[in-house]
S.K.: 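Have a look at this one.
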2 protein chains.
Amino acid sequence: MEISIKKKQLHIGRQTKTKKAIVDILSKNCCLLHKNELIEELKKQKITPNRSTIYRELKTLEKNDFISKSTILGNDYYEILQDHHHHHIICLKCNKIESFNACKYNLIVNEIKNKIHGFAEIKNHSFELFGICNYCNKK
Amino acid sequence: MEISIKKKQLHIGRQTKTKKAIVDILSKNCCLLHKNELIEELKKQKITPNRSTIYRELKTLEKNDFISKSTILGNDYYEILQDHHHHHIICLKCNKIESFNACKYNLIVNEIKNKIHGFAEIKNHSFELFGICNYCNKK
DNA sequence: TTGAATGCAAAGTCTTTGCACTTCC
DNA sequence: GGAAGTGCAAAGACTTTGCATTCAA
């Protein structure tokens with residue numbers, strides 16, 4: 001959202017229509033969004049930038065820690081970088097994504113560390129669940 | 001390895017030089033291997049199949065549950081499907097991968113289930129660590 | 001012998017890049 | 001005015017496909 005852009009204005013360059021719209025859409029979505037879905041949302045706002053502009057924009061926003069990219073089952077998803085740690089569950093049939101904030105990493109990290117030998121430092125982790133969403137389950 | 005191929009022979013088609021070599025290499029590696037590394041290993045054995053053959057072969061082996069594909073940080077990796085559940089830690093600098101078999105999923109699944117509302121069933125999960133390997137740490 | 005596997009070339013998809021033009025500060 | 005952002009076309013990287021040929025069973 002606007003606030004975020006202003007907060008890091010120095011690092012993020014000029015406030016263009018496309019940039020503001022992308023940040024706005026991802027902020028409202030608050031979860032992983034597929035690039036094509038993002039483009040669809042932009043279209044609804046009558047914003048139809050060239051593909052190369054979108055690629056460049058997403059890359060810039062990612063490099064400046066405004067958004068993060070995740071590749072799940074071969075597809076790229078984007079979301080606003082959030083303060084609270086969370087994970088995702090993805091439907092294996094329709095790719096619907098839900099986020100949840102349970103993370104027991106801190107509880108298990110010590111045991112894990114004992115099992116890892118070739119690494120000096122753990123920086124972060126990813127944890128995704130795969131399942132069947134309610135909608136696909138009823139079909 | 002040969003055993004695996006014979007075990008599921010009906011599902012996997014003919015035993016070609018390339019197919020046997022791929023399964024053999026992945027069996028010996030016992031961890032995620034990048035497609036390019038796989039091709040390098042094949043080359044060492046003087047096996048240089050066409051790219052399309054490799055794509056087809058990997059797809060077939062994956063479809064028949066001989067191997068599994070993982071996309072990590074935008075790269076595709078392959079490994080032999082193993083009976084024992086395990087996870088990976090990836091070096092953020094050199095992409096070196098190590099596997100470890102600590103998994104506390106069973107301990108935390110119940111709490112996680114309470115936080116998920118739109119899903120009827122959890123099928124599986126992924127869990128990766130990212131860090132700095134000993135080698136890159138010394139540099 | 002016969003159908004699966006392969007190589008090759010072409011096509012397809014996605015992403016990046018160079019350059020001239022436009023826009024924001 | 002000058003640098004950042006954009007569109008367009010071309011190039012690049014990766015993957016798939018069609019078809020004729022080869023090879024395993």
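In the text below, chain A, chain B and the rest are named by the order of the sequence lines, each starting its count at 1.
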S.K.: Looking at the base of D:dA25, is there any donor atom on it, or on the side chain of B:Arg14, that sits under 3.5 Å from an acceptor on the other one?
M.R.: no

S.K.: What is the distance from CD1 of B:Ile47 to C1' of C:dA5, rounded to the nearest Å?
M.R.: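 Spelled out: CD1 on B:Ile47 to C1' on C:dA5 is 15 Å.
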
S.K.: Should B:Thr53 be listed as having a side-chain N or O under 4.0 Å from OP1 or OP2 of C:dA5?
M.R.: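 No, because none of the side-chain N or O atoms of B:Thr53 sits under 4.0 Å from OP1 or OP2 of C:dA5.
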
S.K.: Scan for salt bridge (Lys or Arg N to Asp or Glu O under 4.0 Å) pairs involving residues 31-43 of chain B, sequence neighbours excluded, and state none if there are none.
M.R.: B:Glu40-B:Lys43, B:Glu41-B:Lys44

S.K.: Identify, with sequence neighbours excluded, every residue that meets side-chain hydrogen bond (donor to acceptor under 3.5 Å, both in side chains) alongside A:Asn50.
M.R.: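 For A:Asn50 the side-chain hydrogen bond (donor to acceptor under 3.5 Å, both in side chains) partners, ignoring immediate neighbours, are A:Ser52.
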
S.K.: Could you work out, with side chain to side chain contact (heavy atoms under 4.5 Å, CB included) as the rule, every residue matching A:Asn114, not counting sequence neighbours?
M.R.: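 Expected list: none.
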
S.K.: Using the rule given for side chain to side chain contact (heavy atoms under 4.5 Å, CB included), can you reason through B:Leu33 versus B:Leu26, listing the C-alpha separation, both sets of side-chain angles and the distance that settles it, and then say yes or no?
M.R.: CA-CA 7 Å; B:Leu33 195 69; B:Leu26 291 180; 3.8 Å; yes

S.K.: Rounded to the nearest Å, what distance is computed from the CD atom of residue A:Gln15 to the C1' atom of nucleotide D:dT6?
M.R.: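 Answer to the nearest Å: 17 Å.
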
S.K.: Which atom pairs, donor and acceptor, lie under 3.5 Å between side-chain atoms of residues 89-102 of chain B and protein residues at least two apart or in another chain?
M.R.:
from, atom 1, to, atom 2, distance (Å)
B:Glu98, OE1, A:Gly118, N, 2.8
B:Glu98, OE2, A:His117, N, 2.9
B:Asn101, OD1, A:Lys115, NZ, 3.4

S.K.: Report yes if at least one side-chain N or O of A:Lys19 is closer than 4.0 Å to OP1 or OP2 of C:dC24; otherwise report no.
M.R.: no

S.K.: Please give, in whole Å, the distance from D:dT15 P to B:Tyr78 OH?
M.R.: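 About 7 Å, once rounded to whole Å.
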
S.K.: Please report the end-to-end axis angle for the helix from C:dT1-D:dA25 to C:dC25-D:dG1, five pairs per end, rounded to 10 degrees.
M.R.: 30°

S.K.: How long is the line joining NZ of A:Lys59 and C1' of D:dT6, in whole Å?
M.R.: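 After rounding, the gap between these two atoms is 16 Å.
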
S.K.: I'd like to check the salt bridge (charged side-chain N to carboxylate O under 4.0 Å, His left out) partners of B:Glu111; sequence neighbours left out, ordered by chain and number.
M.R.: A:Lys104

S.K.: Measure CD/B:Glu57 against C1'/D:dT16 and give the value in whole Å, please.
M.R.: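 Result: 16 Å.
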
S.K.: Measure all distances between protein nitrogen or oxygen atoms and nitrogen or oxygen atoms of nucleotides 8-10 of chain D, and list the pairs falling under 3.5 Å.
M.R.:
from, atom 1, to, atom 2, distance (Å)
D:dC8, N4, A:Ser52, OG, 3.3

S.K.: Are the side chain of B:Asn64 and the backbone N or O of B:Thr60 linked by a donor-acceptor pair below 3.5 Å?
M.R.: yes

S.K.: NZ of A:Lys17 versus C1' of D:dA4: gap in Å, rounded?
M.R.: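 From A:Lys17 NZ to D:dA4 C1': 17 Å.
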
S.K.: Run the side-chain donor-acceptor check on residues 120-129 of chain B: report pairs under 3.5 Å with partners two or more places apart or on a different chain.
M.R.:
from, atom 1, to, atom 2, distance (Å)
B:Glu121, OE2, B:Lys123, NZ, 3.3
B:His125, NE2, B:His85, NE2, 3.1
B:His125, NE2, B:His87, NE2, 3.4

S.K.: Rounded to whole angstrom units, what separation is found between the CG atom of B:Leu58 and the P atom of D:dT15?
M.R.: 10 Å

S.K.: Side-chain N or O of B:Thr16 less than 4.0 angstrom from OP1 or OP2 on C:dT6?
M.R.: yes

S.K.: Please give, in whole Å, the distance from D:dG5 C1' to A:Lys63 NZ?
M.R.: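 My rounded result for the distance is 14 Å.
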
S.K.: With a 3.5 Å cut-off and sequence neighbours excluded, list the donor-acceptor pairs that the side chains of residues 71-80 of chain B form with protein atoms.
M.R.:
from, atom 1, to, atom 2, distance (Å)
B:Thr71, OG1, B:Asp76, OD1, 2.8
B:Glu79, OE1, B:His86, NE2, 3.1
B:Glu79, OE1, B:His88, NE2, 3.3

